[in-house]
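Worksheet for the structure shown next.
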Amino acid sequence: MIEAKNVTKRFGGTVALQELSARIGGGGIYGLVGPNGSGKSTLLRHLAGVYRPDQGEVLVDGTPVWDDATARGQVFFLPDDPYLPPGSSLAELAGFYRRVYPTFDQEEHLRLCQLFPVPAQKRFRGLSKGTRRQAAILLALSCRTPYLLLDEVFDGLDPVVRRLVRGLLIQAVEERQLGVVIASHNLRELEDLCDHVGLLSQGRLRLEGELDQLREGFCKVQAAFAAPVDWDSLGLCILRREDQGQVVSLLIRGRPEEAVAVLRDRQPLLLQTAPLTLEEVFIAETEVSGYDYNELL
């Protein structure tokens, strides 16, 4: 378990994190979403023990991660722009990580080298940005730490490699209970990958929870009616309505079966529920919590 307790961080007069608390366990993928400048990268660096909080603390399995080599060794942090020494190669850097991380798995490393098209002996200065990022991901997975922190990990990857990385992360979560945090400003990127999500804005964690739990209490319905509908008379809490000809898409706060029953009484030509996207979940949750979603993102 990685636990942030009331973490505050300032850079000069700028408050990057404000009394932020979060708990991130193993065996799952936590999606940390928010706009650029919201504090995602700063939070990841605190979780990895790179930054020291001005207030509060970060614990890794109960041990403060700042200035504790054992606790830091449980976490691998891959920043959005990973530094790979230009004069080094994948093989040389793997040897370095093998000495630094006791959990480095050489057999797993060789397996991953077969999956990623990264030349082991070629100097990083001669590789493309996308290939260097693949090398960084390969090394991160080879270290097999209990926790893996990824900052905008999919940037610069082609669709085939993206699918490969997603599959490897899911496999590691299932097989060895890896705890993953993926920071991104792209909600759709994390749509089908995360089981737990948090919305960060202006250094504060505005909302978080298991995705399935966040979806509870809301439903999305598509319907079509022959006659105009007086929406105010239905008694439904309609958070958003989009009309496309005769078809209307409704985001409703309430139990799906109750909303469907009310709409069915109006004798619709079409009536069906649809899955909520991650963006729609956050829109609904922020409005219920009293935030303006557009202002947060």
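Computed from a predicted structure; not experimentally measured.
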Output yes when a side-chain donor or acceptor of [X] lies under 3.5 Å from a complementary backbone atom of [Y], and no otherwise.
{"X": "R133", "Y": "D80", "value": "yes"}
{"X": "R45", "Y": "V50", "value": "no"}
{"X": "K9", "Y": "T42", "value": "no"}
{"X": "K40", "Y": "P35", "value": "yes"}

>> Using side-chain contact (heavy atoms from CB on, under 4.5 Å), reason through C194 and I29 one step at a time and then give a plain yes or no.
In response: CA-CA 5 Å; C194 300; I29 300 178; 3.8 Å; yes

With a 4.5 Å cut-off on side-chain heavy atoms, are [Y] and [X] touching?
{"X": "I24", "Y": "M1", "result": "no"}
{"X": "Q134", "Y": "V161", "result": "yes"}
{"X": "S41", "Y": "L44", "result": "no"}
{"X": "W66", "Y": "V58", "result": "no"}
{"X": "S142", "Y": "F104", "result": "yes"}
{"X": "S21", "Y": "E3", "result": "no"}
{"X": "L115", "Y": "L168", "result": "yes"}
{"X": "R204", "Y": "L17", "result": "no"}

For a quick test of reading the model, state the closest non-hydrogen atom pair linking [X] to [Y] and the distance between them.
{"X": "C143", "Y": "Y101", "result": "SG-CD1, 3.6 Å"}
{"X": "P53", "Y": "G56", "result": "CB-O, 3.8 Å"}
{"X": "E57", "Y": "V7", "result": "O-CG2, 3.6 Å"}
{"X": "V180", "Y": "I182", "result": "CG1-CG1, 3.7 Å"}
{"X": "V65", "Y": "R72", "result": "O-CG, 3.3 Å"}
{"X": "L205", "Y": "L200", "result": "N-CD1, 3.6 Å"}

>> Quick one, K220 with T273, criterion side-chain contact (heavy atoms from CB on, under 4.5 Å). Give me CA distance, side-chain angles, the key distance, then yes/no.
In response: CA-CA 6 Å; K220 181 180 178 181; T273 59; over 6 Å; no

> Checking salt bridge (Lys or Arg N to Asp or Glu O under 4.0 Å) for the pair E92/R123: CA distance, chi angles, key distance, verdict?
Replying inline: CA-CA 9 Å; E92 291 172 346; R123 303 300 175 189; 2.7 Å; yes

[atom2] on [Y] to [atom1] on [X], rounded to 0.5 Å:
{"X": "L110", "Y": "D105", "atom1": "CG", "atom2": "CG", "value": "9.0 Å"}
{"X": "L90", "Y": "L84", "atom1": "CG", "atom2": "CG", "value": "9.0 Å"}
{"X": "E152", "Y": "L150", "atom1": "CD", "atom2": "CG", "value": "10.5 Å"}
{"X": "L139", "Y": "L112", "atom1": "CG", "atom2": "CG", "value": "9.5 Å"}
{"X": "H109", "Y": "Q114", "atom1": "NE2", "atom2": "CD", "value": "10.5 Å"}
{"X": "Q106", "Y": "Y97", "atom1": "CD", "atom2": "OH", "value": "15.0 Å"}

So does [X] have more than 12 non-hydrogen atoms from other groups sitting under 6.0 Å from [atom1]?
{"X": "R52", "atom1": "CZ", "value": "no"}
{"X": "R255", "atom1": "CZ", "value": "no"}
{"X": "E107", "atom1": "CD", "value": "no"}

> Between F76 and Y147, is the ring centre distance below 6.0 Å?
Replying inline: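 No.
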
> Out of E208, R23, H196, which residue meets the side-chain hydrogen bond (donor to acceptor under 3.5 Å, both in side chains) rule with Y30?
Replying inline: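 For Y30, the side-chain hydrogen bond (donor to acceptor under 3.5 Å, both in side chains) test succeeds with only one of E208, R23, H196, which is E208.
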
>> Apply side-chain hydrogen bond (donor to acceptor under 3.5 Å, both in side chains) to residues T63 and D68 and explain how you reach the verdict.
In response: CA-CA 8 Å; T63 302; D68 188 293; 5.5 Å; no

> Between L178 and L148, is a side-chain contact (heavy atoms from CB on, under 4.5 Å) present by the stated rule, with each step listed?
Replying inline: CA-CA 7 Å; L178 174 68; L148 183 57; 4.1 Å; yes

> Run the side-chain hydrogen bond (donor to acceptor under 3.5 Å, both in side chains) check on R10 and Q18 step by step: do they pass?
Replying inline: CA-CA 9 Å; R10 301 177 181 86; Q18 303 183 60; over 6 Å; no

>> Side-chain heavy atoms nearer than 4.5 Å, only ILVMFWY residues, links allowed to pass through others: does that put V118 and F96 together?
In response: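 Yes: a chain of side-chain contacts under 4.5 Å links V118 to F96.
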
> Taking a hydrophobic cluster as the set of Ile, Leu, Val, Met, Phe, Trp and Tyr residues connected by side-chain heavy atoms closer than 4.5 Å, whether directly or through intermediates, do V100 and L78 fall within one such cluster?
Replying inline: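 In one cluster with V100: L78, yes.
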
>> Please identify which of these residues, L59, D61, V75, meets the side chain to side chain contact (heavy atoms under 4.5 Å, CB included) condition with I2.
In response: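 Single pass found, and it is V75.
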
>> I'd like to know whether R266 forms a side-chain contact (heavy atoms from CB on, under 4.5 Å) with S233, so could you lay out the CA-CA distance, the side-chain angles of the two residues, the decisive distance to 0.1 Å, and finally the verdict.
In response: CA-CA 11 Å; R266 297 302 189 275; S233 69; 4.1 Å; yes

> Would you call E108 and R111 a salt bridge, taking side-chain N to carboxylate O under 4.0 Å as the test?
Replying inline: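 Looking at R111 together with E108, the answer is yes, because their closest N to O distance falls below 4.0 Å.
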
> What residues join V221 in its hydrophobic cluster, counting side-chain heavy atom gaps under 4.5 Å, either direct or through other members?
Replying inline: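 So far as hydrophobic clustering goes, V221 is joined with F225, V229, W231, L234, L236, I238, V248, L250, I252, V260, V262, L263, L271.
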
